[in-house]
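The chains referred to below are lettered A, B, ... by the order of the sequence lines, with proteins before strands, and numbering in each begins at 1.
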Amino acid sequence: RLRKWQERIRTKDAGERNLQFALSEIDRMASALGVPRSVREVASVIYRRALKEDLIRGRSIEGVATSALYAACRKEGIPRSLEEISEVSRVERKEIGRTYRYISQELGLEMKPVDPKKYVPRFCSELELSEEVQAKANEIIETTAEKGLLSGKSPTGYAAAAIYAASLLCNEKKTQREVADVAQVTEVTIRNRYQEQIEAMGIHS
Amino acid sequence: MTDPKETINIENVVASTGIGQELDLQSVAMDLEGADYDPEQFPGLVYRTQDPKSAALIFRSGKIVCTGAKSTDDVHESLRIVFDKLRELSIEVEDEPEIVVQNIVTSADLGRQLNLNAIAIGLGLENIEYEPEQFPGLVYRLDEPEVVALLFGSGKLVITGGKKPEDAEHAVDKIVSRLEELGLLE
DNA sequence: GCTTTAAAAAGTAAGGT
DNA sequence: ACCTTACTTTCTAAAGC
């Protein structure tokens, strides 16, 4: 019947419009975050897979699009924290987190936990810290993580503390507040992680 | 070495039951002191017992959910108190309503620190959820017994979703042996 | 899906002193 | 800097939206 045919067209158009909306949202957020085009493409692929696997039912298009971008950043090794992602999305942090966990699980993305070292280059450049500080921060993260200090800790707070410690050790001191602001964590978290890290590194200061 | 099973502690028991009679919650709320009833917000009336400490959710259908008790015995004792309170309001309550335990939350201690990153890889990323940016615990779902375990860096863990106290013991046994064969304990 | 109730684990956060 | 309170995760039943 003609009506069924029209309905199919209408549905197809609606689906097409939704997909275009999702992809344009991914593009808009990716631009706002300043991530490379390759990440937007990975995010688009993840979104299309989620669509194909019918994972959007009961969830908002924007939520899935945002989560796909969050996952893509991690997959490409240039993670943005949920806090940073939520600043360019109209979906709240908690919803992005739970949607990400859902699509990650359903699509079998097998995402490894974020390595704090992945945040070092970006945070250090925002703080205008030298390569020497970056190398020192990476060393602190590597060494203390091997000793088991990383379990359960947020990657951003962990990276922030190591950067703070490295800036002190390299005589390029940044205050806890400055580091806390770029990493979007509190000074309390930096203080706590910093104390554990310098103790594990056997540094007196 | 202390057997992790010895460290198991029941933290919460959830059970459901019913008095086999419909209730007018509005009048129960009026007569029962300490009752919280806001049907606009939630259809159940909340009544808390002090000893044993628990919270009972009483519904219009006469069905009741009891949560917060530290043992199955405490669940029975708490519900006995709730039943008596309702009888004092001259509401008919069956002599011994059937009480079904729906969930038991347990905590335990493996006695050694855990490298959650290594455990996440070892158990298989497809079998766990570990997002330290969102929550410090690693979520591990077991098929037998059908429970969920939350593993922490300290070596402590939480087991939930079980219906019998033995479920937690079996779960701890399986987790310990799994981590041992992966060489991730000690 | 949400609403409410309880409880533990450990990390993070916010407000007050 | 401390302390307290509170939110994140997991589970489960109930009735209703």
Side-chain angles (χ1 to χ4, degrees), chain A residues 57-60 81-83 93-95 97-98 101 150-158 160 176 180 183-193 195-196, chain B residues 7-18 22-23 25 36-49 52-71 74-75 78 99-110 114 116 128-142 146-163 167-168 171:
Chain A
R57 277 194 186 172
R59 259 157 268 274
S60 72
S81 66
L82 287 172
E83 202 61 53
R93 198 199 122 118
K94 185 177 170 182
E95 180 61 20
R98 70 166 58 171
R101 286 187 333 251
L150 180 56
S151 286
K153 269 69 165 225
S154 100
T156 47
Y158 207 86
Q176 294 181 357
Q184 303 228 265
V185 297
T186 63
E187 293 168 89
V188 179
T189 295
I190 292 189
R191 223 170 279 138
N192 292 337
R193 295 303 135 250
Q195 286 301 338
E196 295 175 350
Chain B
T7 70
I8 292 178
N9 190 26
I10 293 178
E11 307 288 357
N12 183 23
V13 177
V14 181
S16 60
T17 185
E22 291 239 333
L23 289 167
L25 295 184
D36 288 339
Y37 181 48
D38 182 359
E40 304 287 298
Q41 188 175 135
F42 187 68
L45 178 155
V46 181
Y47 181 72
R48 288 160 223 276
T49 61
K53 193 183 170 202
S54 76
L57 306 178
I58 305 172
F59 298 87
R60 180 187 48 75
S61 63
K63 291 188 174 180
I64 299 173
V65 170
C66 178
T67 183
K70 292 285 186 191
S71 68
D74 280 358
V75 167
S78 290
I99 295 172
V100 180
V101 173
Q102 304 286 358
N103 182 29
I104 296 180
V105 183
T106 311
S107 65
D109 191 352
L110 298 180
L114 301 177
L116 298 183
I128 60 94
E129 272 189 53
Y130 176 48
E131 290 295 332
E133 184 184 351
Q134 299 184 55
F135 186 69
L138 182 153
V139 183
Y140 184 38
R141 285 160 211 280
L142 310 223
E146 199 175 319
V147 300
V148 175
L150 305 178
L151 308 180
F152 296 87
S154 63
K156 292 190 175 177
L157 65 153
V158 170
I159 306 280
T160 187
K163 301 212 182 284
D167 288 343

Engineer: Between atom NZ of A:Lys153 and atom CD of A:Glu196, what is the distance when rounded to the nearest 0.5 Å?
Structural biologist: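 The distance works out to 4.5 Å.
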
Engineer: Supply the atom-to-atom distance B:Arg48 CZ to B:Leu57 CG, rounded to the nearest 0.5 angstrom.
Structural biologist: 9.0 Å

Engineer: Give DNA chain C the dot-bracket treatment, 5' to 3': Watson-Crick (N1-N3 with N6-O4 or O6-N4) or G-U (N1-O2, O6-N3) under 3.5 Å, [ ] crossing, | other strand.
Structural biologist: ||||||.|.||||||||

Engineer: Please tell me which of the listed nucleotides, D:dT10, C:dG11, C:dA6, lies nearest to the side chain of B:Asn12?
Structural biologist: C:dA6

Engineer: Is any side-chain N or O of B:Ser154 closer than 4.0 Å to OP1 or OP2 of C:dA10?
Structural biologist: yes

Engineer: For B:Val105, does its backbone N or O pair with a side-chain atom of B:Thr160 as donor and acceptor, under 3.5 Å?
Structural biologist: no

Engineer: What does A:Val185 touch in the nucleic acid at a heavy-atom separation under 4.0 angstrom: a base, only the sugar-phosphate, or nothing?
Structural biologist: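 Sugar-phosphate, no base atom in range.
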
Engineer: Name the residue closer to the 5' end of DNA chain D, choosing between B:Lys63 and A:Gln176 according to the nucleotide with the nearest heavy atom.
Structural biologist: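 Going by which nucleotide is closer to the 5' end, it is A:Gln176.
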
Engineer: Which is more 5' along DNA chain C, the nucleotide nearest B:Phe152 or the one nearest A:Gly58? Just name the residue.
Structural biologist: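 Whichever sits nearer the 5' end wins; that is A:Gly58.
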
Engineer: Sub-3.5 Å donor-acceptor pair from the side chain of B:Thr67 to the main-chain atoms of B:Val14, do we have one?
Structural biologist: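 No: the side chain of B:Thr67 does not pair with the backbone of B:Val14.
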
Engineer: Starting at the 5' end of DNA chain C, which residue's closest nucleotide do you reach first, A:Gly152 or A:Arg98?
Structural biologist: A:Arg98

Engineer: Could you tell me how far D:dC2 sits from C:dA9 if I compare only their C1' atoms? Round to whole Å.
Structural biologist: 24 Å

Engineer: Under 4.0 Å between a side-chain N or O of A:Lys94 and OP1 or OP2 of D:dT8?
Structural biologist: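 A:Lys94 to D:dT8 OP1/OP2: side-chain N or O found under 4.0 Å.
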
Engineer: Indicate, with a heavy-atom threshold strictly under 4.0 Å, whether B:Glu146 touches base, sugar-phosphate, or nothing.
Structural biologist: nothing

Engineer: Check the distance between D:dC2's P and A:Asn192's CG and give it to me in whole angstrom.
Structural biologist: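 So the CG-P distance, A:Asn192 to D:dC2, works out to 9 Å.
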
Engineer: If you pin A:Val188 and B:Val65 to their nearest nucleotides in DNA chain D, which one's is more 5'?
Structural biologist: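 Closest to the 5' end, via its nearest nucleotide, is A:Val188.
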
Engineer: Hey, does B:Ser107 reach any base, or is it just sugar-phosphate, or nothing, if we go heavy atoms under 4.0 Å?
Structural biologist: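 The residue B:Ser107 makes no contact with any strand.
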
Engineer: For A:Arg59 and C:dG1, is the shortest distance between a side-chain N/O and OP1 or OP2 below 4.0 Å?
Structural biologist: no

Engineer: Hey, what do you get for CD (A:Glu83) to OG1 (A:Thr156), rounding to the nearest 0.5 Å?
Structural biologist: 8.5 Å

Engineer: Between B:Lys53 and B:Asp74, is there a salt bridge with N-O shorter than 4.0 Å?
Structural biologist: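 Salt bridge absent between B:Asp74 and B:Lys53.
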
Engineer: Does a distance-only test, which skips hydrogens and angles, find a donor-acceptor pair under 3.5 Å between the side chain of B:Ser16 and the base of D:dA13?
Structural biologist: no

Engineer: Should A:Thr186 be listed as having a side-chain N or O under 4.0 Å from OP1 or OP2 of C:dT12?
Structural biologist: no

Engineer: Can you check the B:Leu150 CG to C:dA9 P distance for me, whole Å?
Structural biologist: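 Spelled out: CG on B:Leu150 to P on C:dA9 is 12 Å.
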
Engineer: If you look at every heavy atom in A:Leu82 and B:Glu133, which pair is closest and at what distance?
Structural biologist: N-OE2, 2.6 Å

Engineer: Please tell me which of the listed nucleotides, C:dT3, D:dA14, C:dT12, lies nearest to the side chain of B:Pro43?
Structural biologist: C:dT3

Engineer: Measure from the side-chain heavy atoms of B:Asn103 and tell me the nearest of D:dA13, D:dC11, C:dT12.
Structural biologist: D:dC11

Engineer: Does a nitrogen or oxygen in the side chain of B:Gln41 sit under 4.0 Å from OP1 or OP2 of C:dT4?
Structural biologist: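 Yes.
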
Engineer: Of the nucleotides D:dA15, C:dA6, C:dT4, which one has an atom closest to the side chain of B:Val14?
Structural biologist: C:dA6

Engineer: Grab the CG-P distance between A:Leu150 and C:dT12 for me, whole Å please.
Structural biologist: 10 Å

Engineer: Rounded to the nearest angstrom, tell me the gap between atom CZ in B:Arg60 and atom C1' in C:dT4.
Structural biologist: 17 Å

Engineer: Which nucleotide in the list C:dA6, C:dA9, D:dT12 gets nearest to the side chain of B:Lys163?
Structural biologist: D:dT12

Engineer: If only side-chain N and O atoms of B:Lys53 are considered, is one of them under 4.0 Å from the OP1 or OP2 phosphate oxygen of C:dA7?
Structural biologist: yes

Engineer: Touch check for A:Arg57, heavy atoms < 4.0 angstrom, all strands: base, sugar-phosphate only, or nothing?
Structural biologist: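 Result for A:Arg57 = nothing.
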
Engineer: With a 4.0 Å cut-off on heavy atoms, is B:Ser61 in touch with a base, just the backbone sugar-phosphate, or nothing at all?
Structural biologist: sugar-phosphate

Engineer: Under 4.0 Å between any heavy atoms, over every strand shown, what does B:Val105 touch: base, sugar-phosphate, or nothing? Just pick one.
Structural biologist: base

Engineer: Using the C1' atoms only, state how far C:dA7 lies from D:dC3, rounded to an integer number of Å.
Structural biologist: 23 Å

Engineer: Which distance, rounded to the nearest 0.5 Å, do you find between the CZ of A:Arg101 and the OH of B:Tyr130?
Structural biologist: 14.0 Å

Engineer: Under 4.0 Å between a side-chain N or O of B:Arg141 and OP1 or OP2 of D:dC11?
Structural biologist: yes

Engineer: Considering all heavy atoms of both residues, which atom of B:Leu138 and which atom of B:Leu116 are nearest to each other, and what is their separation?
Structural biologist: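 Closest pair (atom of B:Leu138, atom of B:Leu116, distance): CD1-O, 3.6 Å.
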
Engineer: Which nucleotide sits closest to the side chain of B:Thr67: C:dT12, C:dA6, C:dA9?
Structural biologist: C:dA6

Engineer: I need the OH-P distance between B:Tyr37 and D:dA15, as an integer number of Å.
Structural biologist: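 Value for this atom pair: 12 Å.
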
Engineer: Would you indicate, yes or no, if C:dT12 has its OP1 or OP2 atom less than 4.0 angstrom from a side-chain nitrogen or oxygen of A:Arg193?
Structural biologist: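 Yes, A:Arg193 has a side-chain N/O under 4.0 Å of OP1/OP2 on C:dT12.
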
Engineer: Atom CG of A:Leu82 to atom P of C:dG11: distance rounded to whole Å?
Structural biologist: 18 Å

Engineer: Expressed in angstrom and rounded to an integer, what is the separation of B:Glu40 atom CD from D:dA15 atom P?
Structural biologist: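 Rounded to whole Å, this separation is 18 Å.
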
Engineer: Between C:dC2 and D:dT9, how far apart are the two P atoms, rounded to whole Å?
Structural biologist: 10 Å

Engineer: About how many Å separate OG1 of A:Thr189 and CD of A:Gln176, when rounded to the nearest 0.5 Å?
Structural biologist: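 Rounded to the nearest 0.5 Å, the CD-OG1 separation comes to 10.5 Å.
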
Engineer: Can you measure B:Asp109 atom CG to C:dA9 atom C1' for me and round it to whole angstrom units?
Structural biologist: 11 Å

